[in-house]
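Contents: one structure, followed by commentary.
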Amino acid sequence: MAVATLASRVAGFVRILVLAAALGLGTRLLDTYNIANTLPNAVYELVVGGTMASIVIPLLTRAALNESDGGVLYAQKLLSLIVYVLSLVTIVAIVAAPLLIDLYAPAFTPEQRHLAIVFSRYFLPQILFYGVAATASAILNSRGHFGAQAWAPLCNSVIVIAVGLTYAAVGGSTTTTLGTGHLLLLSLGTTAGVLAQMSLVVVSLRRNGFPVRLRLDPRGIAIRRIGKLGLWVLLSVVTTQILVAAATRAASWSGQGGITAFQYANAIYHVPFAVIAISVMTAMLPRLSQYAARGEHQRVVTGLSRAVRTALVVMAPIAAAFVLLGPQIATVLFSHGNSSAETVRVLGLVLAAYGLTLVPFTSYSILQRGLYALQDTRAAALVSAAVAGVGVAGCALAGWLLAPGDIVIGIPLAYAAAYTVGLNLTVLVLRRRLRYIDGKRLARTHVRVAAATLTAAVFAGLAVGGLGPAMDTSPWVEALVTGAVAVLAGAAGYLVAGRILRLAELRHLLNMALPRVRTW
């Protein structure tokens with residue numbers, strides 16, 4: 001799963017780079033495209049996205065264990081319900097597109113607003129495609145199959161990369177005045193990517209022996225139970241989307257390129273989270289749901305503790321790299337094509353600030369899965385509401401205290417504060433529910449990882465400082481060499497410190513990655 005997710009994320013990364021070069025990083029066109037393409041994800045998450053991990057997978061797992069047909073009929077009815085609901089939601093969202101654009105980007109010019117509305121009406125059918133893909137993925141997950149859904153986003157990215165390259169090859173405009181051909185290329189091509197992603201997962205579901213069939217009768221899928229649990233999940237998703245909307249609105253007030261800097265830095269910061277944490281959580285949730293269903297709470301605690309510690313030993317040095325090398329990463333990735341130098345600079349600072357968010361966000365997300373496995377959606381929702389409250393307040397403070405061009409840099413700092421609060425609240429809730437959270441081992445691992453990460457930072461700083469006047473070259477080459485030297489030296493320092501400090505989780509990961517090499 002991690003390999004497939006990494007390949008998909010690398011392709012997603014290339015997609016970002018191609019679109020930045022073709023549409024122009026820092027241009028109004030790219031800001032407009034990004035906002036419109038955000039809406040399908042936002043609406044999908046608001047309607048059903050949050051229920052996939054928190055309700056649907058645990059219910060599918062229980063149905064597979066308890067029903068005579070292995071939960072096949074239950075899964076068919078659930079998939080049918082998702083199709084019917086999201087078809088209606090898609091139609092409503094297309095009609096309401098102007099209101100959605102005004103909610104997320106109040107600072108758009110009239111020309112940007114018009115183009116964003118047009119884009120969004122081509123993009124919003126993705127809501128249905130995302131829903132079908134996610135439900136099919138949940139069915140596969142509940143049956144122990146994880147590969148296809150991890151590879152599926154790769155198809156999406158490859159198609160959009162082809163669209164971006166074609167757009168650049170035919171001399172597409174970087175302004176918000178687009179011809180019909182260029183508009184259709186970007187809009188239909190982007191939605192075709194999501195359609196391909198959905199198709200791959202559905203085909204995989206059929207190949208694994210599941211009869212994909214729509215059912216008209218939804219009885220028997222515990223709609224009332226889903227609704228009862230879903231009310232709290234809805235609160236959780238609503239508060240999360242409020243935070244996203246507040247952050248996006250704040251970024252729009254940062255001026256031209258602010259939205260793109262925020263969204264692209266957010267995308268880069270999510271790459272390690274997706275490769276490591278989501279892979280861990282995807283494999284972990286069905287198992288935790290089984291343990292919780294059997295009342296084996298000790299095994300739930302053990303699974304959560306192991307997941308947090310495993311993710312931590314990877315995430316902490318990556319977070320430090322973002323903090324120290326954010327500007328260099330942004331320069332290497334985006335300082336080319338039609339990109340604005342000022343937007344590249346701001347993006348680097350935003351990415352550096354996101355480094356402070358990575359560890360608390362990862363641990364918070366993993367521990368939240370523990371609440372979902374226990375089907376304590378009420379506690380999860382209340383914690384999410386607290387996170388959103390802190391985050392929205394932080395975004396408001398950034399807009400009040402910072403200069404317009406710097407508002408976007410304050411957004412990830414608000415996120416860091418919000419997820420730190422959320423992490424601590426989730427720990428308290430789980431300790432109350434499970435009476436034990438493996439706190440001593442978690443604290444010991446955090447201290448050791450912090451010491452190893454500090455050692456890595458010292459190694460990286462000494463190596464970069466030794467370059468000195470040898471770096472009298474172009475900014476792009478300087479950023480590339482500085483980043484490469486810092487990463488190599490930091491990695492060496494981290495491994496040395498990890499061995500001295502006896503980081504068992506790091507040893508375990510290395511032994512899995514390099515089974516034929518004696519790593520410790």
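Just so it is clear, the structure is predicted and the values come from calculations on it, not from any experiment.
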State which residue, out of Leu425, Asn424, Leu423, fulfils the side-chain contact (heavy atoms from CB on, under 4.5 Å) condition with Val427.
->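 With Val427 as partner, side-chain contact (heavy atoms from CB on, under 4.5 Å) holds for just one option, Leu423.
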Holding to side chain to side chain donor-acceptor pair (under 3.5 Å), I want the full list of residues that pass it with [X], two or more places apart in sequence or in another chain.
X: Asn41; value: none
X: Tyr419; value: none
X: Arg306; value: none
X: Thr455; value: none

Under the salt bridge (charged side-chain N to carboxylate O under 4.0 Å, His left out) rule, what pairs show up with a residue in residues 440-453, not counting sequence neighbours?
->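 Pairs touching residues 440-453 that pass the test: Asp438-Arg441.
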Output every pair passing salt bridge (charged side-chain N to carboxylate O under 4.0 Å, His left out) with a member in residues 409-419, not counting sequence neighbours, ordered by first then second residue.
->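 Every candidate salt bridge (charged side-chain N to carboxylate O under 4.0 Å, His left out) pair involving residues 409-419 fails, so no pair, neighbours aside, qualifies.
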Please find the pair of heavy atoms, one from [X] and one from [Y], that lie closest to each other, and give the distance.
X: Leu17; Y: Leu333; result: CD2-O, 3.0 Å
X: Ala36; Y: Ala116; result: CB-O, 3.6 Å
X: Val163; Y: Gly189; result: CG2-CA, 3.6 Å
X: Ala7; Y: Leu154; result: O-CD1, 3.7 Å
X: Ile159; Y: Ala196; result: CD1-CB, 3.4 Å
X: Leu358; Y: Ala319; result: CD2-N, 3.9 Å

Residues which pass side chain to side chain contact (heavy atoms under 4.5 Å, CB included) with Ala353, listed by chain and number, not counting sequence neighbours |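 Testing Ala353 for side chain to side chain contact (heavy atoms under 4.5 Å, CB included), a comparison that skips the adjacent residues, returns Pro412, Leu413.
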Test Gln126 against Thr191 for side chain to side chain donor-acceptor pair (under 3.5 Å), laying out the working first.
-> CA-CA 6 Å; Gln126 297 171 19; Thr191 296; 3.2 Å; yes
Quick one: pull up [atom1] in [X] and [atom2] in [Y] and give me the separation to the nearest 0.5 Å.
X: Leu183; Y: Leu115; atom1: CG; atom2: CG; answer: 6.5 Å
X: Ile437; Y: Leu367; atom1: CD1; atom2: CG; answer: 6.0 Å
X: Leu506; Y: Tyr494; atom1: CG; atom2: OH; answer: 5.5 Å
X: Glu342; Y: Leu347; atom1: CD; atom2: CG; answer: 11.5 Å
X: Ile411; Y: Ser254; atom1: CD1; atom2: OG; answer: 6.0 Å
X: Tyr104; Y: Gln241; atom1: OH; atom2: CD; answer: 4.5 Å

Pairwise side-chain contact, [X] with [Y], heavy-atom cut-off 4.5 Å (strictly under):
X: Phe322; Y: Ile268; answer: yes
X: Thr310; Y: Val314; answer: no
X: Leu442; Y: Val308; answer: yes
X: Val158; Y: Val14; answer: no
X: Val383; Y: Tyr364; answer: yes
X: Phe334; Y: Ile16; answer: yes
X: Thr175; Y: Arg28; answer: no
X: Leu23; Y: Thr174; answer: no

Can you run down the side chain to side chain donor-acceptor pair (under 3.5 Å) pairs that involve residues 346-360, sequence neighbours left out, and say none if there aren't any?
->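 Every pair satisfying side chain to side chain donor-acceptor pair (under 3.5 Å) with a residue in residues 346-360: Asn266-Tyr354.
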Quick one: side chain to side chain donor-acceptor pair (under 3.5 Å) pairs with a partner in residues 10-19, sequence neighbours left out?
->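 Checked against side chain to side chain donor-acceptor pair (under 3.5 Å) - neighbours excluded - the pairs reaching residues 10-19 are Arg15-Asn156.
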Mind running side chain to side chain contact (heavy atoms under 4.5 Å, CB included) on Ser384 and Gln368 for me, showing each step along the way?
-> CA-CA 9 Å; Ser384 295; Gln368 281 273 297; 3.8 Å; yes
Donor-acceptor check, side chain of [X] to backbone of [Y], threshold 3.5 angstrom: yes or no?
X: His182; Y: Leu178; value: no
X: Asn34; Y: Thr260; value: no
X: Ser204; Y: Leu200; value: no
X: Ser305; Y: Val301; value: no
X: Arg249; Y: Leu103; value: yes

Start with the C-alpha distance between Trp400 and Ile407, add both sets of side-chain angles, then the distance that settles side chain to side chain contact (heavy atoms under 4.5 Å, CB included), and finish with yes or no.
-> CA-CA 9 Å; Trp400 181 40; Ile407 292 174; over 6 Å; no
Could you tell me which residues satisfy ring pair (Phe, Tyr, Trp, His ring centres under 6.0 Å) with His270, sequence neighbours excluded, listed by chain and number?
->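 His270 satisfies ring pair (Phe, Tyr, Trp, His ring centres under 6.0 Å) with Phe273, Phe361 only.
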Quick one: ring pair (Phe, Tyr, Trp, His ring centres under 6.0 Å) partners of Tyr33, sequence neighbours excluded?
->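 Tyr33: ring pair (Phe, Tyr, Trp, His ring centres under 6.0 Å) contacts with Phe119, Phe123.
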Check salt bridge (Lys or Arg N to Asp or Glu O under 4.0 Å) between Asp406 and all other residues, then give those that pass, not counting sequence neighbours.
->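 None.
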Side chain to side chain contact (heavy atoms under 4.5 Å, CB included) evaluation trace for Leu312 with Thr362 | CA-CA 8 Å; Leu312 176 67; Thr362 300; over 6 Å; no
